[in-house]
Number of protein chains: 2
Amino acid sequence: MCRDCAPKAQSIIASYKSGDRTIKAGQALFRPTERCDAIHHLVEGWVLLYDLVDDGGRQILNFALPGALLGLSPGRMALYGAEALTDATVCLIPHERLGPLIEHHPGIGLRLLQTVWRERNLAYDHLSSIGRRPARQRIARALLELFVRSRMQWPAHRSEEMHLPLTQEHIGDMTGLTGVHVNRILHGLRAEGILEFHYRRLRILNPDKLVDAARVDAQTVVAWTGRSAPD
Amino acid sequence: MCRDCAPKAQSIIASYKSGDRTIKAGQALFRPTERCDAIHHLVEGWVLLYDLVDDGGRQILNFALPGALLGLSPGRMALYGAEALTDATVCLIPHERLGPLIEHHPGIGLRLLQTVWRERNLAYDHLSSIGRRPARQRIARALLELFVRSRMQWPAHRSEEMHLPLTQEHIGDMTGLTGVHVNRILHGLRAEGILEFHYRRLRILNPDKLVDAARVDAQTVVAWTGRSAPD
DNA sequence: CGCGAAATTGAAGACACTCAAAGAGTGTGG
DNA sequence: CCACACTCTTTGAGTGTCTTCAATTTCGCG
């Protein structure tokens, strides 16, 4: 299920966890500023990380896929909110158990390190997208990234169509745009025969043109997949 | 010098490194897409991480302070560029040594994990700033963050004035704005008696008003400092 | 003193936002 | 199975923040 946790690693972690938790789609795992004593290791499902801004705006920080580590923060307050996009399962590891876990199983430590630094690289990628790219590129990138990452996670599904439980408002919140403007851009992409995004269903009609509109290079796509490259 | 690396940890890492490297202010450690075989552990100085966008734009991803881990990427290509803002020293750890290092010294693994996840949280913070805040708040936040982080790193300096080797263009590249617009906003902040930023020197005239303009809460500031909160 | 880089200022324009209303799709309960 | 309620999408018109382009001034440094 989770690429980052081979079965063996899973069972090792299991002996340090305080328990599992299942969350229904749409429910919150935790909210910003809420007390959060345990690290949440996502085992199954999609989870949305977000930050709320005082004027009512919301910024989506990441879409966490299985293997992600949520709730890492100094102090015991969550710095951001987390809510399940699909039904999800997390494995809870109390903060104070993390030290012993890594002490006894350094290999796990290395894996966690790689997971988090991949998350950091992804965040960097989003930063330059939101900070320096026009709306069309941001949206094309965001959708392409979601597509690539989910295909990598669940290679079974093989079509160019996928279920994406997001509204256009969500896409706006991830790209730093308004839902209304996202709608206009999507309209353009559809008119150009590049993709369709209708009621939680994304269909890529012309992958080449989408890559072109997103202005991503092969290297970046590889980074999205999370694969370590060959030597 | 580096808060994250107690002397003991330093000496352990030393036995796994391939060497040190000193970089003069303004010089590049590595450029985007350049081959990069070793992890760069920053020991001393400020390093700027950036990404270049095809239209000529640049996005600053982070200002790395001592303790930061640079050059972590899948494959052996750098996903971003790194350039020294001040004279700097890095300790180079070949990628293939990382496994053995953590294997034999799990405590180091835990520290590295905490370092990277703090960097990730900082990137998330920047995301919501750039994605959802107006120019004035972004700039106020950016300057306040730099101030807080550098004060935490070098507590010796105690005044409300600091040396910041940046141009207004740099501030634009970190906040996703143009240098010209940064200038106008800084003009406003100066007119209000909040701060002065003139030729590589930042002086905070009214800390309370700056915090107000930046719209940061205490919790976020604590996260910037990198301190783990008490239980 | 003069050169180059950075800062400053103005004017015009563009991209994205706000406000608002209508249309389409989904789900639920009778 | 239909009707209603709700959410999400779609479209228009007007506005505003930030950008672009360009000229001028200030500053640091040789």
Side-chain angles (χ1 to χ4, degrees), chain A residues 24-26 48 53 55-60 83 85-86 129-143 163-192 195-203 213 215, chain B residues 24-26 48 53-60 83 85 129-143 163-192 195-203 213 215:
Chain A
K24 287 240 171 90
L48 180 67
V53 177
D55 72 337
R58 173 168 84 159
Q59 176 65 46
I60 292 180
E83 116 182 8
L85 262 177
T86 64
S129 180
I130 292 182
R132 287 303 188 202
R133 290 178 191 275
R136 200 182 125 98
Q137 282 180 42
R138 290 191 220 176
I139 293 171
R141 283 192 146 237
L143 294 178
H163 174 70
L164 246 196
L166 305 178
T167 64
Q168 295 183 357
E169 195 79 36
H170 279 115
I171 306 205
D173 287 342
M174 57 186 295
T175 53
L177 301 164
T178 50
V180 172
H181 199 233
V182 168
N183 182 283
R184 293 191 229 272
I185 302 281
L186 285 178
H187 184 269
L189 293 173
R190 193 183 320 146
E192 296 174 64
L195 59 78
E196 280 173 9
F197 181 71
H198 247 9
Y199 292 95
R200 280 122 234 244
R201 189 143 283 279
L202 171 66
R203 175 196 294 249
R215 298 212 152 292
Chain B
K24 289 242 169 92
L48 179 68
V53 177
D54 46 4
D55 72 338
R58 174 168 83 159
Q59 175 65 45
I60 292 180
E83 116 182 9
L85 262 176
S129 180
I130 292 182
R132 288 302 189 205
R133 290 177 191 277
R136 200 181 126 99
Q137 283 180 41
R138 289 191 220 176
I139 292 171
R141 282 192 146 235
L143 293 177
H163 173 71
L164 246 195
L166 305 179
T167 64
Q168 295 183 355
E169 195 78 36
H170 279 115
I171 310 220
D173 287 342
M174 60 188 292
T175 53
L177 301 165
T178 47
V180 173
H181 199 233
V182 168
N183 182 288
R184 293 190 229 272
I185 302 280
L186 285 178
H187 185 268
L189 293 172
R190 193 183 320 146
E192 295 174 64
L195 58 77
E196 281 173 8
F197 181 72
H198 250 3
Y199 293 94
R200 280 119 233 250
R201 190 143 283 279
L202 171 66
R203 175 196 295 248
R215 298 212 152 291

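Heavy atoms only: backbone and side chains are in, while hydrogens, waters and symmetry mates are out. Within every chain, numbering begins at 1; the chains are lettered A, B, ... in the order of the sequence lines, protein sequences first and strands thereafter.
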Next on the checklist: Categorize A:Arg200 for me: base, sugar-phosphate, or nothing, with a 4.0 angstrom heavy-atom threshold over every strand shown.
Outcome noted: sugar-phosphate
Item to check | Partner of A:Pro134 by side-chain contact (heavy atoms from CB on, under 4.5 Å), out of A:Arg136, A:Arg138, A:Gln137 | outcome: A:Gln137
Item to check | Atom-to-atom span, CD1 of A:Ile171 to C1' of D:dC8 - whole angstrom | outcome: 12 Å
Item to check | Whichever of B:Thr167 and A:Ala135 has its nearest DNA chain C nucleotide further upstream toward 5' | outcome: B:Thr167
Item to check | A:Gln168 CD - D:dT9 C1' separation (whole Å) | outcome: 6 Å
Next on the checklist: Using the rule side-chain contact (heavy atoms from CB on, under 4.5 Å), only one of A:Met174, A:His170, A:Glu169 pairs with A:Arg58; which is it?
Outcome noted: A:His170
Checklist entry - Pick the nucleotide of DNA chain D nearest each of A:Arg132 and A:Phe197; which residue has the one closer to the 5' end? => result A:Phe197
Next on the checklist: Base, sugar-phosphate or nothing for B:Leu186? Non-hydrogen atoms, less than 4.0 Å.
Outcome noted: nothing
Checklist entry - If you look at every strand shown and take non-hydrogen atoms under 4.0 Å, does A:Arg138 touch a base, only sugar-phosphate, or nothing? => result nothing
Checklist outcome for this item: Rounded to whole Å, CD1 of A:Ile130 lies from C1' of C:dC15 at a distance of 16 Å
N/O to N/O distances under 3.5 Å, protein versus nucleotides 27-30 of chain D:
unit_1: D:dC27; atom_1: O4'; unit_2: B:Tyr199; atom_2: OH; d: 3.2

Checklist entry - Out of D:dC18, C:dT8, D:dT11, which nucleotide sits closest to the side chain of A:Val180? => result D:dT11
Checklist entry - Which whole-number value in Å describes the distance from A:Ile185 CD1 to C:dC17 C1'? => result 13 Å
Next on the checklist: Pair B:Phe197, B:Ile171 - check side chain to side chain contact (heavy atoms under 4.5 Å, CB included), show working.
Outcome noted: CA-CA 11 Å; B:Phe197 181 72; B:Ile171 310 220; 4.0 Å; yes
Next on the checklist: Regarding A:Asp55 and B:Arg133, does a basic nitrogen lie under 4.0 Å from an acidic carboxylate oxygen?
Outcome noted: no
Checklist entry - Reckon B:Arg190 touches a base, only the sugar-phosphate, or nothing at all at heavy-atom distances under 4.0 Å? => result sugar-phosphate
Item to check | NE2 (A:His187) with more than 12 external heavy atoms under 6.0 Å | outcome: no
Next on the checklist: Can you identify which nucleotide, out of C:dA16, C:dT9, D:dT11, has its nearest atom closest to the A:His181 side chain?
Outcome noted: C:dA16
Checklist outcome for this item: Whole-Å distance, A:His170 NE2 to D:dC8 P, equals 8 Å
Checklist entry - Please give, in whole Å, the distance from D:dT20 P to B:Arg184 CZ? => result 12 Å
Checklist entry - What is the nucleic acid contact for A:Gly176, judged by heavy atoms within less than 4.0 Å: base, sugar-phosphate only, or nothing? => result sugar-phosphate
Checklist entry - Does the side chain of A:Asn183 get closer than 4.0 angstrom to OP1 or OP2 of D:dT9 through an N or O atom? => result no
Checklist entry - Rounded to whole angstroms, how far apart are CD on B:Glu169 and C1' on C:dT8? => result 13 Å
Checklist entry - What is the distance, rounded to the nearest whole Å, between atom CZ of B:Arg136 and atom P of D:dT17? => result 13 Å
